[in-house]
Amino acid sequence: MANEAVLTKNFGTKNSHTLGVYEQGGGYKALKKALTGMKPEAVMAEVDKSGLRGRGGAGFPTGKKWSFIPKDSPKPKYLTVNADEGEPGTYKDRPLMELDPHAVIEGSIITCYAVGIHSAFIYVRGEYVKSVQRLNDAINEAYAGGYLGKNILNTGFDLDIVVHRGAGAYICGEETGLLESLEGKKGQPRMKPPFPAIVGAFQGPTVINNVETMAAIPPIVNNGGEWFNNLGAPGVGGGLKLYPISGHVKKPGVYELPMGTTLRDIIYKHAGGIRDDKKLKAVIPGGSSAPVLRADEIDVKMDYNSLAAIKTMLGSGAIIVMDEDTNMVKTLKVLLKFYAHESCGKCTPCREGTGWMDRIMTRIVKGNGHISDLDTILSISNTIDGKTLCPMGQAAIGPSISFITKFRNEFEDYIRKGRTN
Amino acid sequence: MNKVEFSKKTLDKFKSVIAKYPEKGAALLPTLWLAQQEFSVLTPEVEEYVAGLVGVSPVRVQEVRSFYTMYTARPLGKYHLQLCTNITCSLLGAEELLEHLKKRLKVNCGETTSDKKFTLSAVECLGHCGTGPVIQINDDFHESLTRESLDKLLDSLK
Ligand SMILES: Cc1cc2nc3c(=O)[nH]c(=O)nc-3n(C[C@H](O)[C@H](O)[C@H](O)COP(=O)(O)O)c2cc1C
Ligand code: FES
């Protein structure tokens with residue numbers, strides 16, 4: 001079966017980012033359908049049926065998330081679209097914003113209609129200057145075209161969308177860190193509960209959804225939830241997913257494939273296999289926070305449940321491929337330095353734990369490690385486990401535990417050979 | 001020293017920005033961006049000016065400015081070379097490129113060349129992993145780098 005392109009269908013079209021081209025390809029049809037022919041509850045029901053789960057990392061069912069927002073709220077409700085895309089290995093939201101910004105906007109407008117929201121923010125990471133520009137241009141076009149602002153499509157529905165540019169901090173991708181940053185503060189996560197659905201941006205009930213989640217909404221409204229669900233692999237469902245793959249593969253890129261495609265197929269059939277026909281050593285299946293897999297584990301289906309069953313996760317769906325020559329010790333060091341650098345400093349287990357692990361790995365890489373350091377890292381990881389304010393701690397121990405337990409021999413060899421004192 | 005103040009044009013931009021948020025303080029990040037574009041460096045004087053505009057305390061501005069890596073409190077070179085050294089880029093050779101840059105420019109990470117032309121930084125994942133190794137120079141990305149293409153790129157920067 002040829003792979004259907006849904007989220008990426010406009011990527012090859014010239015000027016796909018402009019309103020005229022988007023409309024020619026059927027753009028804003030879903031918005032018209034929803035606003036003029038569907039009750040908000042009916043939109044929500046289709047999204048429920050679609051099996052769509054959040055594409056930002058946590059995989060929470062999107063329809064269910066929307067249903068947590070109270071119908072009557074004395075405070076204004078908000079949508080914040082998460083375009084912080086900071087998870088190492090992940091580069092799928094950027095092409096959506098650069099090449100198909102109207103799809104992200106149309107999905108956001110429909111979401112706001114379904115949930116009864118009149119103010120939305122798109123939080124874009126600071127480095128994505130072009131995404132910010134493309135979104136702003138598209139938003140201006142959408143206002144001019146009557147898709148945003150007051151009385152949208154003469155239905156009486158009002159909505160404003162504002163692009164908010166971040167300034168370089170991974171933690172602002174975490175949903176409550178994002179809210180703090182949106183409010184003009186340091187991006188330090190909030191204690192939950194209350195959950196953002198009850199107390200979110202500016203104390204109002206808030207939906208937070210990833211860019212790819214938003215882009216999936218218009219096709220779901222156009223073709224129905226069941227249609228989308230059936231696009232997933234047989235027995236898996238849940239639609240299509242963008243899998244950005246990088247590292248030692250012949251054809252890195254963002255592949256739109258049925259949810260539940262096997263990791264082996266993505267690496268060997270779609271991404272062309274390993275560069276220089278080397279052997280595969282390891283692969284991270286869902287962004288740097290997802291525990292690493294060995295080469296003998298790649299027959300797994302790339303969906304939430306199948307990956308959880310082998311103790312890793314789909315996360316952002318970003319696949320990082322490492323060939324037989326990869327130095328796992330140095331690679332773990334790179335990741336732990338990242339988590340130490342990006343820990344926001346608010347809670348002790350994450351702040352101290354990530355820093356300590358980074359210092360140990362630095363020592364090991366320099367050749368001054370001890371075999372016992374490995375158990376120390378595992379013990380620090382276990383101390384972080386489940387005890388941090390936000391899931392950032394969990395993100396950091398995904399690599400630390402999995403690299404050391406799955407490649408322990410290589411770590412011990414490195415320490416024995418490298419130790420100079 | 002001149003009084004720190006936005007130009008008329010920037011002040012107009014600021015007014016339209018602050019109107020977009022339900023709370024004034026939320027305009028702090030965009031206002032810091034405007035200030036950095038206008039003054040290049042976010043000095044304590046600039047922070048104080050921004051604090052006045054947005055209606056928050058100067059210490060809050062300083063706290064926020066220093067939390068985010070893209071705001072700068074010190075002058076940068078004409079070109080800010082930000083090489084990604086995160087996982088994919090390092091699998092594809094970013095470490096060697098970084099060593100090469102340090103040697104070629106005779107600076108360490110975080111430093112600026114004596115002619116003020118280049119500042120070198122090693123940064124985290126830039127979201128261009130499919131075409132790594134990647135460097136961001138000011139607002140532009142340059143992808144699939146090799147030592148040769150990087151040298152050519154630097155030669156082309158005047
Ligand atoms: C440390 C950390 C970083 C995160 N970074 C991102 C990110 O860059 N983009 C994103 O969409 N979600 C990110 N998330 C997940 C968000 O917290 C949140 O679950 C998501 O935006 C919800 O949208 P979704 O339901 O559509 O996935 C991150 C989570 C953590 C703990
Ligand atoms: S790892 Fe370098 S851009 Fe993602």
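Predicted model, so just to flag it, every value in this text is computed and none were measured. Letters go in sequence order (proteins before strands), and every chain restarts at 1.
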NZ/NE/NH1/NH2 to OD/OE distance under 4.0 Å, [X] and [Y]:
X	Y	value
A:E180	A:R190	yes
B:D151	B:R104	yes
B:E47	B:R65	yes
A:R165	A:E127	no
A:D325	A:R275	no

Heavy-atom distances under 4.5 Å only: say whether [X] touches chain A with side chain, backbone, both or neither.
X	answer
B:Q136	side chain
B:Q82	neither
B:T85	both

Per-residue contact mode, [X] against chain B (heavy atom under 4.5 angstrom):
X	result
A:S119	neither
A:P88	both
A:H164	both
A:Y170	neither
A:V254	neither
A:Q203	side chain
A:I320	side chain
A:T326	side chain

Quick check on the interface: out of [options], who has the most heavy-atom pairs with chain B under 4.5 Å?
options	value
A:C172, A:P252, A:S246, A:P76	A:S246
A:G204, A:S288, A:G187	A:G187
A:A167, A:G184, A:G168	A:A167
A:G253, A:P244, A:G89, A:A169	A:G89
A:R125, A:M322, A:E85, A:K330	A:R125

Any side-chain donor near an acceptor of the partner, [X] and [Y], under 3.5 Å:
X	Y	value
A:S181	B:Y68	yes
A:D93	A:Y128	no
A:K92	A:S316	no
A:S289	A:E87	yes

What option among [options] has the most heavy-atom pairs under 4.5 Å with chain A?
options	value
B:T88, B:L28, B:V61	B:T88
B:Y71, B:W33, B:F141	B:W33
B:E23, B:K20, B:E95	B:E23
B:L91, B:V64, B:T131, B:L92	B:L91

Between B:Y21 and A:F202, does the ring centroid distance fall short of 6.0 Å? no
Is A:R94 positioned over the aromatic face of A:Y91, cation under 6.0 angstrom from the ring centre and no more than 45 degrees off axis?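 Negative - A:R94 is either too far from the ring of A:Y91 or too far off its axis.
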If you count heavy atoms of other groups shown closer than 6.0 angstrom to NZ of B:K116, is the number above 12? no
